[in-house]
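Take a look at the structure set out below.
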2 protein chains.
Amino acid sequence: MPSRRDTIADDLRDRIATGRLKPGERLPSEAHLAAQYMVSTPTLRNALAVLQAEGLVEKTHGKGNFVRRPLHRITYVGGRRTPDEHSMDLAPLSVTVHTTRVRARGHLASLLKMPTGSPLTEILCLAHEDERPHSLARIYVPCDLAPAAVLRDSLPYEAVVTRLMELRPPPAEVREEISVRLPTPEEASTLRISSALAVLAVTRQTADTTGRVIEAALLALPGDRADAVFTTHYMIDERPTNT
Amino acid sequence: MPSRRDTIADDLRDRIATGRLKPGERLPSEAHLAAQYMVSTPTLRNALAVLQAEGLVEKTHGKGNFVRRPLHRITYVGGRRTPDEHSMDLAPLSVTVHTTRVRARGHLASLLKMPTGSPLTEILCLAHEDERPHSLARIYVPCDLAPAAVLRDSLPYEAVVTRLMELRPPPAEVREEISVRLPTPEEASTLRISSALAVLAVTRQTADTTGRVIEAALLALPGDRADAVFTTHYMIDERPTNT
DNA sequence: GAGTGGTCTAGACCACGAG
DNA sequence: TCGTGGTCTAGACCACTCA
């Protein structure tokens with residue numbers, strides 16, 4: 001027997017899918033909807049929580065529940081590509097950059113294979129679509145390779161990427177670790193997503209030919225708007241040898 | 001101000017982390033815990049829902065809440081490896097295999113680049129650890145490359161993998177698409193996970209040198225027990241050319 | 001201040017599991 | 001049958017947003 005919560009969630013989902021509730025539109029208040037469906041407010045709120053976790057509805061305290069405008073689904077491209085393609089398809093997005101100087105500690109220090117306390121340049125990238133936050137990337141580069149002063153905040157994202165490629169030795173190996181987790185409270189509020197909407201977390205480690213780590217990147221891609229694709233080509237001499 | 005739900009969740013999490021609540025142990029009943037923390041049962045249940053979404057607690061209707069024995073965290077290895085390594089590190093897991101014959105339809109047909117209705121061999125792989133389900137893979141191979149009869153159910157997983165490599169042309173290109181989503185109801189019950197615990201979904205498409213798709217695989221890896229790693233090496237001639 | 005969502009309560013009734 | 005979790009109610013009080 002389907003629960004009332006799911007019944008209501010299904011109905012609202014259908015109303016969104018068929019356009020009877022349009023993107024950006026405010027839903028009736030929770031009290032109103034509860035009366036309409038003849039359920040108590042907690043039950044109605046549970047139904048909304050389902051849609052919220054699916055990324056269909058965004059709630060704002062004091063304002064109401066809104067149908068989310070579908071954000072562009074981006075594809076993070078990894079695998080064997082040229083380094084400048086090694087990024088997201090950010091075509092429809094504008095990226096704001098904020099550069100600061102921090103010190104390596106904990107996980108970050110070991111990722112960069114540097115001692116704790118080493119100076120780093122942190123490049124905080126926040127991708128936006130129509131003023132709405134989309135995804136988040138934190139890039140860390142050893143200070144001696146890219147002094148924070150060189151990457152002034154006023155530079156646009158593309159210029160920063162170009163500048164980094166000029167400043168650093170070419171990458172020889174990239175290791176990307178992908179995991180699924182709930183967003184941290186900061187991520188949830190920065191990205192304006194429900195704390196129940198899982199993110200695709202990419203930890204990327206880039207090394208040069210000498211094995212030195214020249215960049216570590218932590219990406220948080222909300223699961224409702226990001227995929228990752230990796231393509232691998234096998235050489236002839238890599239054929240499996242069944243002995 | 002932290003909510004009571006989070007305070008309680010934090011406390012229980014701490015009790016689990018410090019071993020005061022041991023893996024496999026049953027928690028006191030919800031009514032008991034509610035009295036202990038002096039909150040109502042819904043509030044306590046919300047706290048448990050947090051731990052459940054983190055994969056720390058498993059609830060069973062009619063029995064109670066149990067501290068989950070930590071399952072091995074496996075790493076799905078993608079990227080440029082030899083094909084037989086192109087798999088999960090399944091060392092601590094036993095895999096049961098179930099082979100059936102199905103017909104390609106919808107997304108599956110387009111993944112395999114075959115017309116709808118084409119006969120396929122479906123290999124359902126369920127990884128277990130100590131009788132407890134861990135992760136799920138569905139592998140689809142065109143029937144002419146691997147007739148279901150050849151892959152009898154009685155074969156162990158390793159034998160099936162070996163058999164497939166013998167039967168098919170060597171893979172030349174692998175495309176892996178990774179996304180985050182909530183489990184389907186079937187996946188949630190098969191894997192015995194909360195429907196709120198997101199899974200890492202890997203859609204893998206393997207083609208031979210002629211471009212024919214020789215395998216499609218759908219993997220569902222619960223987010224609390226799986227990562228994916230991709231390593232890319234750049235050739236010299238792939239250096240970025242900044243003109 | 002009016003209206004909204006956020007949190008919580010105290011309890012009801014149902015469904016499942018095990019003896 | 002008993003104890004467990006699953007679902008739901010009707011309403012309280014607080015915090016936030018906006019006019």
Side-chain angles (χ1 to χ4, degrees), chain A residues 1-12 21 24-53 55-68 131-132 182-183 185 188-190 192-197, chain B residues 1-12 21 24-53 55-68 131-132 183 185 188-189 192-197:
Chain A
M1 188 208 305
S3 65
R4 301 198 203 201
R5 177 194 60 198
D6 292 336
T7 311
I8 296 171
D10 290 348
D11 184 63
L12 287 172
L21 284 170
E25 191 175 335
R26 214 206 86 187
L27 272 64
S29 75
E30 299 187 349
H32 197 106
L33 283 171
Q36 193 174 319
Y37 286 111
M38 299 197 295
V39 295
S40 66
T41 43
T43 301
L44 184 102
R45 284 172 59 73
N46 285 337
L48 287 177
V50 173
L51 301 179
Q52 211 186 343
L56 285 173
V57 164
E58 182 175 341
K59 351 189 55 167
T60 311
H61 192 167
K63 292 176 77 175
N65 294 280
F66 296 84
V67 180
R68 276 261 296 272
E131 312 296 314
R132 289 168 298 142
L182 296 176
S189 67
T190 304
R192 300 184 39 83
I193 56 175
S194 153
S195 60
L197 199 163
Chain B
M1 190 209 302
S3 64
R4 300 196 204 204
R5 177 195 59 199
D6 293 336
T7 311
I8 296 171
D10 290 348
D11 184 61
L12 287 172
L21 285 170
E25 191 175 337
R26 215 206 85 186
L27 272 64
S29 75
E30 299 188 349
H32 198 106
L33 283 172
Q36 193 173 318
Y37 286 111
M38 298 198 295
V39 295
S40 66
T41 44
T43 302
L44 184 102
R45 284 174 57 75
N46 284 337
L48 288 177
V50 173
L51 302 179
Q52 209 186 342
L56 285 173
V57 164
E58 182 176 341
K59 354 189 52 169
T60 311
H61 193 165
K63 291 177 74 177
N65 294 281
F66 296 85
V67 180
R68 276 262 295 273
E131 311 297 314
R132 290 167 299 142
S189 67
R192 300 186 35 85
I193 56 176
S194 152
S195 60
L197 200 163

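Residue numbering restarts at 1 for every chain, and letters A, B, ... go by the order of the sequence lines. All values reported here derive from a predicted model rather than from experimental measurement.
Atoms CZ (B:Phe66) and C1' (C:dA18) sit 12 Å apart, rounded to a whole Å.
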Next item on the list: Test A:Gln36 against A:Leu44 for side-chain contact (heavy atoms from CB on, under 4.5 Å), laying out the working first.
Entry: CA-CA 10 Å; A:Gln36 193 174 319; A:Leu44 184 102; over 6 Å; no

Note to self: Checking B:Leu12 against B:Leu48 for the side-chain contact (heavy atoms from CB on, under 4.5 Å) test, could you report, in this order, the C-alpha distance in whole Å, the side-chain angles of both residues, the deciding distance, and whether it holds?
What the structure shows: CA-CA 9 Å; B:Leu12 287 172; B:Leu48 288 177; 4.0 Å; yes

Next item on the list: Report the C-alpha distance between A:Gln52 and A:Asn65 in whole Å, list the side-chain angles of each, state the deciding distance to 0.1 Å, and finish with yes or no for side-chain contact (heavy atoms from CB on, under 4.5 Å).
Entry: CA-CA 9 Å; A:Gln52 211 186 343; A:Asn65 294 280; over 6 Å; no

Notebook entry, point to check: What is the per-nucleotide protein-contact pattern of nucleotides 4-12 of chain D, from the 5' end, where B denotes a base atom under 4.0 Å from a protein heavy atom, S denotes such proximity for sugar-phosphate atoms only, and - denotes neither?
Noted result: BBSBBBBB-

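Crowding of A:Arg26 atom CZ: a count of heavy atoms from other residues, nucleotides or ligands under 6.0 Å exceeding 12.
A salt bridge does not link B:Arg132 to B:Glu58: none of the charged side-chain nitrogens sits closer than 4.0 Å to a carboxylate oxygen.
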